[in-house]
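Below: one structure, written as structure tokens.
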Amino acid sequence: MKKNNQDFFDRVYKVVEQIPYGKVTTYGAIAEVCGIKSAARTVGWAINGASSELPCHRVVNRFGALTGKVHFGDPNLMEELLRAEGVEFLEDGCVDMEKHLWKPKSINN
DNA sequence: TGAGTGACTGTAA
DNA sequence: CTTACAGCCACTC
């Protein structure tokens with residue numbers, strides 16, 4: 001019962017859309033809210049096939065590193081977008097998770 | 001149908 | 001401490 005794969009994608013889209021301005025979240029957090037915390041890798045796939053309207057630049061790995069920046073077409077674009085939103089970066093090139101980490105809540109559809 | 005890959009994470013050595 | 005391996009789920013060849 002219930003579709004699984006498609007539903008997972010749909011959930012990912014909704015979660016990413018809920019990311020507030022100037023905030024970021026992690027793949028694991030999204031996957032967990034989607035019901036499969038172990039599917040962090042699949043979250044990346046879902047975002048990869050998502051619409052351009054999706055703020056995928058606010059999605060980073062658990063370290064805050066912009067691992068998906070290469071998929072934006074320009075490696076600097078992701079960082080520029082986040083900086084434009086007021087997101088601070090550490091010397092490591094990672095997002096300041098302590099200040100900008102946003103924990104997604106239940107989808108609640 | 002089966003094997004390989006990937007925008008991740010966690011544990012082991 | 002750093003490096004390697006395995007697990008997880010969905011997609012493509």
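Below, read A as the first sequence line, B as the second, and so on, with proteins coming before strands; counting in each chain starts at 1. Below, all heavy atoms of this structure are taken into account, side chains as well, without hydrogens, waters or symmetry copies. On a predicted model such as this, the values are computed, not experimentally measured, just so you know.
- Taking atom C1' on both nucleotides, B:dG4 is separated from C:dA6 by 16 Å, rounded to a whole Å.
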Report summary line: Under a 4.0 Å heavy-atom criterion, the protein footprint on nucleotides 1-8 of chain C, written with B, S and -, is ------BB
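- Counting heavy atoms from C-beta on, the side chains of A:V59 and A:I19 come closer than 4.5 Å.
- Using a 4.0 Å heavy-atom criterion, one finds that A:N61 contacts the sugar-phosphate atoms exclusively.
- Of all the heavy atoms in A:M78 and A:V60, the pair that sits closest is CE-CG1, 4.1 Å.
- When the nearest nucleotides of DNA chain B are assigned to A:T26 and A:W45 by heavy-atom distance, the more 5′-ward of the two goes with A:W45.
- When each of A:V16, A:L82, A:V87, A:V95 is checked for a side chain to side chain contact (heavy atoms under 4.5 Å, CB included) with A:R58, only A:L82 meets the rule.
- Shown here for A:M97 and A:F63, the closest heavy-atom pair between the two residues is CG-O, 4.0 Å.
- Linking Ile, Leu, Val, Met, Phe, Trp and Tyr residues whenever their side-chain heavy atoms come within less than 4.5 Å leaves A:L81 and A:V70 in two separate clusters.
- For the pair A:I107 and A:K14, the tightest heavy-atom approach, listed with the atom from each and the gap, is CG2-CD, 4.3 Å.
- Both A:T42 and A:K37 lie near DNA chain B, and the one whose nearest nucleotide falls closer to the 5' end is A:T42.
- Using a 4.0 Å cutoff to heavy atoms of chain A, the contacted part of DNA chain B runs 5' to 3' from B:dG6 to B:dG10.
- Here the side chains of A:H100 and A:E88 are in contact, with some heavy-atom distance below 4.5 Å.
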Check: residues 24-51 of chain A side-chain donor-acceptor pairs under 3.5 Å, at least two apart:
{"from": "A:T25", "atom 1": "OG1", "to": "A:W102", "atom 2": "O", "distance (Å)": "3.1"}
{"from": "A:T26", "atom 1": "OG1", "to": "A:A29", "atom 2": "N", "distance (Å)": "3.1"}

